[in-house]
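Naming: A, B, ... by sequence-line order, numbering from 1 per chain. Basis for what follows: all heavy atoms, side chains included, without hydrogens, waters or symmetry-related copies. Since we're looking at a predicted model, the values are computed, not measured.
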Amino acid sequence: MNSVWFLVFLPLIAFLIGISFMGIGTRIVARIQRRYGPPLIQPFIDVIKLLSKDSISYGWVFDMGVWMALAGAALVVYFVPFADNIVLSGKADVVVLMYILAIAPLGMALGTAQAKNPYASIGISRALMLMLGYDLPLVMVILGIITYTGSASFADILSAQQGGIGNWYIFRLPLFAIVYFWVMIAEMGKHPFDVLIAPSEIASGPMVEFSGKYLGYLFIYMALHYYAACALFVNFFMGGAATFIEFYLKMFSVFFVLICISAVMARTTTQRAVYMYWTKPVVLAFIGWLAYLGWRIF
Amino acid sequence: MAECPTNMEVAKENNSILRAFADWARKNSIWLLHYCTGCGAIELPPTMTARFDMTRYGFAPMATPRQADVLLITGYLSLKTLKRVIWSYELMQAPKYVIGFGSCTMNGGHYWDSYITINRLSDYIPVDIYIAGCMPRPEAVLTGMLEIKERIKKKLPGGWLDYEKRYDWYKENQRKILSDV
């Protein structure tokens with residue numbers, strides 16, 4: 001399977017997985033709210049429709065921002081192991097991944113800042129503030145995993161988790177798994193940390209001036225982002241996967257828990273979200289570090 | 001609407017497979033922008049939530065004119081809000097439709113002799129569908145929205161084509177009534 005065609009089609013496969021999650025996610029939320037919900041392929045229809053509509057640009061930086069978001073998300077997809085395929089591997093690909101995870105949000109910030117709309121600026125300031133909040137626990141967790149494994153390579157992290165469910169990091173490093181899951185909710189922009197999108201307060205924030213094709217590209221970016229976030233959790237904590245079906249089911253179980261939690265929560269404020277990220281998850285990650293150090297010393 | 005292209009002309013333009021695919025997508029994904037200054041807005045929450053649930057037909061509420069396909073004018077419009085409606089309508093991107101909601105948008109309704117509200121919305125922006133009633137029940141609202149779907153399916157020309165064609169006429173009407181606001 002590790003052929004040239006696989007390399008070419010990997011972002012497309014990731015997009016299809018992400019968009020299927022979006023469809024199933026809206027359906028689950030609808031069932032929780034006792035509604036019937038849209039068809040499962042509704043996000044796919046939305047993307048096709050958006051790409052067929054007219055669209056308006058605010059200059060070449062606006063265009064470049066959208067493309068940067070899309071390219072950054074596709075690059076992340078190449079660095080995340082897909083089932084048993086590690087496409088771009090190296091000695092320190094987890095460290096590289098931590099850097100390129102920031103490309104896509106920065107691209108979006110670049111594009112929306114050109115839109116000359118105050119709501120877009122508020123949305124971007126909220127997004128960057130939230131990033132400031134969850135980056136600290138995220139870095140603590142990823143450095144913890146790297147130290148525990150003794151290697152910053154996905155191949156080593158995956159091989160350390162082989163041989164039974166007991167070896168999964170979700171059981172060996174449970175505090176780090178909880179913190180990473182906590183961060184994931186904000187990373188994917190779900191309730192209660194969807195302060196940057198907030199349609200009823202700031203008119204969908206960064207997306208306020210995106211129309212037609214630009215919004216369609218952002219939908220594709222969002223689908224890739226969903227895929228990357230779920231796949232990273234599976235690879236870091238659930239031992240990766242040997243086959244595609246196993247990979248999909250593991251990713252979906254993570255997404256299912258996340259969507260069930262976010263469906264019953266209300267939106268917080270940005271300040272409260274940042275304050276919460278700098279207290280509770282950081283303390284949890286710190287306790288995880290202390291436990292690891294205690295295990296190493298004694 | 002006499003100067004709109006006829007059905008046959010539109011059908012001839014839209015005969016490619018790609019166009020048909022795009023039309024299928026546009027038919028099944030309609031995003032609404034609610035312009036909720038009138039009392040009709042109160043009928044929209046029941047249309048959206050558990051009992052009638054418009055999302056199962058592919059309708060979804062959107063936050064800004066840039067993202068929306070359908071502009072929903074829910075009730076009477078004063079001259080000041082009309083200005084904002086025209087502004088919002090012109091911000092929307094091309095396959096776009098307008099739904100006039102309740103009798104106030106048709107003939108003024110309760111406020112037909114008011115000095116500050118307009119009587120007929122389609123003099124100022126092209127309206128695709130009117131939903132009659134004061135207020136229309138959620139069933140009527142859903143029927144009106146499904147009618148938009150039916151119009152896309154039949155490839156009937158949308159109101160925005162009429163707006164492009166008779167731009168001067170619409171602008172003159174708008175200028176006439178908005179001159180002193």
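With a 4.5 Å cut-off on non-hydrogen atoms, Q33(A) touches chain B through its backbone but not through its side chain. For I56(A), the parts sitting under 4.5 Å from any heavy atom of chain B are the backbone and the side chain alike. For L50(A), the part sitting under 4.5 Å from any heavy atom of chain B is the side chain, from C-beta outward, and nothing else. Only the backbone of A68(B) has a heavy atom closer than 4.5 Å to any heavy atom of chain A. For S29(B), the parts sitting under 4.5 Å from any heavy atom of chain A are the backbone and the side chain alike. In this structure, the portion of I41(A) lying under 4.5 Å from any heavy atom of chain B is its side chain and not its backbone.
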- Task: In sequence, state the C-alpha distance, the side-chain angles, and the governing distance for T64(B) and F210(A), and then conclude on side chain to side chain contact (heavy atoms under 4.5 Å, CB included).
- Result: CA-CA 9 Å; T64(B) 77; F210(A) 283 90; over 6 Å; no

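Atom CD of E164(B) is surrounded by more than 12 heavy atoms from other residues, nucleotides or ligands within 6.0 Å. Heavy-atom contacts from other residues, nucleotides or ligands closer than 6.0 Å to CZ of F62(A) number more than 12. The local environment of CH2 in W169(B) is crowded, with over 12 non-hydrogen atoms from other residues, nucleotides or ligands closer than 6.0 Å. Heavy-atom contacts from other residues, nucleotides or ligands closer than 6.0 Å to CZ of R56(B) number more than 12. Within a 6.0 Å sphere centred on NZ of K153(B), other residues, nucleotides and ligands contribute 12 heavy atoms or fewer. Atom CD1 of I42(B) has 12 or fewer neighbouring heavy atoms from other residues, nucleotides or ligands inside a 6.0 Å radius. Other residues, nucleotides and ligands place more than 12 heavy atoms under 6.0 Å from the OH atom of Y89(B).
Checked by atom type, the side-chain pair R26(B)/S52(A) shows no donor-acceptor distance below 3.5 Å. Inspection of the S204(A) and Q67(B) side chains reveals an N or O donor paired with an N or O acceptor under 3.5 Å.
R35(A) places a side-chain heavy atom less than 4.5 Å from the side chain of T55(B). Side-chain contact check for W160(B) versus D54(A): every heavy-atom pair is 4.5 Å or farther apart.
A distance of 10.0 Å separates CD in Q42(A) from CZ in F59(B), rounded to the nearest 0.5 Å. Between atom CZ of residue R34(A) and atom CZ of residue R51(B) there is a gap of 15.0 Å, rounded to the nearest 0.5 Å. Atom CG of residue D23(B) and atom CD1 of residue I48(A) lie 13.0 Å apart, to the nearest 0.5 angstrom.
No other option in A60(B), P61(B), P65(B), G58(B) has as many heavy-atom pairs under 4.5 Å with chain A as G58(B). No other option in N28(B), D53(B), L91(B) has as many heavy-atom pairs under 4.5 Å with chain A as D53(B).
The cationic group of K49(A) does not satisfy the cation-pi geometry with W24(B), failing either the under 6.0 Å distance to the six-membered ring centre or the 45° limit from the ring axis.
Salt-bridge check for K53(A) with D69(B): passed, with a basic side-chain N closer than 4.0 Å to an acidic carboxylate O.
Here the closest non-hydrogen pair linking I45(A) and A25(B) is CG2-O, 3.4 Å.
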